[in-house]
Amino acid sequence: MKVFYTMRVGILLILPACNRDERVRAGGETTEQMKEQRDQYIRSIEAKLDEFDQKFDGLDARAAALSEPARGGFKNAVDSLRGQRRSVARKLDDLRKVSLDSWETLRGDVDHAMAELENSYQKVSAAHETGHPVLAVEGDSAFG
């Protein structure tokens with residue numbers, strides 16, 4: 001009888017270890033759910049960065065139609081935008097590398113950098129539409 005109880009206790013100790021990947025966070029999310037949320041967020045940011053690449057190509061095409069002095073300033077602004085885009089991509093790479101438990105802390109940094117990129121893009125695009133020169137792009141370390 002003692003052997004039966006010993007085996008039963010052993011089995012009860014082993015079973016929870018088999019389910020390690022399905023740990024539940026305090027919020028009720030499993031590890032797999034957290035991983036899927038992070039991966040979905042990463043895919044959405046990558047898609048937005050791809051859209052910005054296309055927008056920047058469009059700005060380059062618009063710059064080609066400008067006179068030489070204006071073209072140079074506009075191209076510099078687009079280069080600054082591309083630098084901001086690279087910064088967002090680096091932050092996204094950092095987010096990929098952190099643990100599932102802490103990725104959301106870096107999410108704010110990525111969201112903020114994306115908002116700055118969008119704001120800078122809007123300013124550059126509007127400057128081209130109005131014909132005003134672009135002097136600096138916010139968030140670019142070269143300008144401030």
*asked:* To the closest 0.5 Å, what do you measure between CE (Met34) and CD (Gln37)?
replied: 8.0 Å
_Flag side-chain contact, heavy atom, 4.5 Å: Leu59 against Lys75_ = no
*Between Leu117 and Phe56, what is the shortest heavy-atom contact and its length?*
CD1-CZ, 3.9 Å
*Between Ser102 and Ser99, is a side chain to side chain donor-acceptor pair (under 3.5 Å) present by the stated rule, with each step listed?*
CA-CA 5 Å; Ser102 60; Ser99 71; 3.0 Å; yes
*Might you point out which heavy atoms bring Ala113 and Lys91 nearest each other, and give the distance in Å?*
CB-CD, 3.8 Å
*Is the side chain of Ser125 donor-acceptor paired with the backbone N or O of Tyr121 at a distance under 3.5 Å, no angle test?*
no
*Do any N or O atoms from the side chain of Gln33 and from the backbone of Thr30 form a donor-acceptor pair under 3.5 angstrom?*
yes
*How many angstroms lie between atom CD of Glu51 and atom CD of Gln54, to the nearest 0.5 angstrom?*
7.0 Å
*Under 4.5 Å between any side-chain heavy atoms of Thr105 and Val98, yes or no?*
no
_Distance (rounded to the nearest 0.5 Å) between Lys55 NZ and Leu49 CG_ = 11.0 Å
*For the pair Trp103 and Tyr41, name the ring-plane relationship: parallel under 30°, tilted 30 to 60°, perpendicular over 60°.*
tilted
*Between OG of Ser87 and CG of Leu92, what distance do you get to the nearest 0.5 Å?*
11.0 Å
*So, Asp57 and Arg62, do they make that salt bridge, N to O below 4.0 Å?*
no
*Going from CD on Glu32 to CG on Leu100, what distance comes out if it is rounded to the nearest 0.5 angstrom?*
8.5 Å
*Are Leu95 and Arg38 side-chain neighbours, meaning at least one heavy-atom pair lies under 4.5 Å?*
yes
_Does this structure show an ion pair linking Glu36 with Arg43, if we count only N-O contacts that are shorter than 4.0 Å?_
yes
_How long is the straight-line distance from CG of Asp111 back to CG of Leu106, given to the nearest 0.5 Å?_
11.0 Å
*Just wondering, do Phe52 and Gln84 contact through their side chains at under 4.5 Å, heavy atoms?*
no
*Between Lys35 and Asp39, is the closest basic N to carboxylate O distance under 4.0 Å?*
yes
*asked:* Under 4.0 Å between a side-chain nitrogen and a carboxylate oxygen: does that hold for Glu104 and Arg107?
replied: no
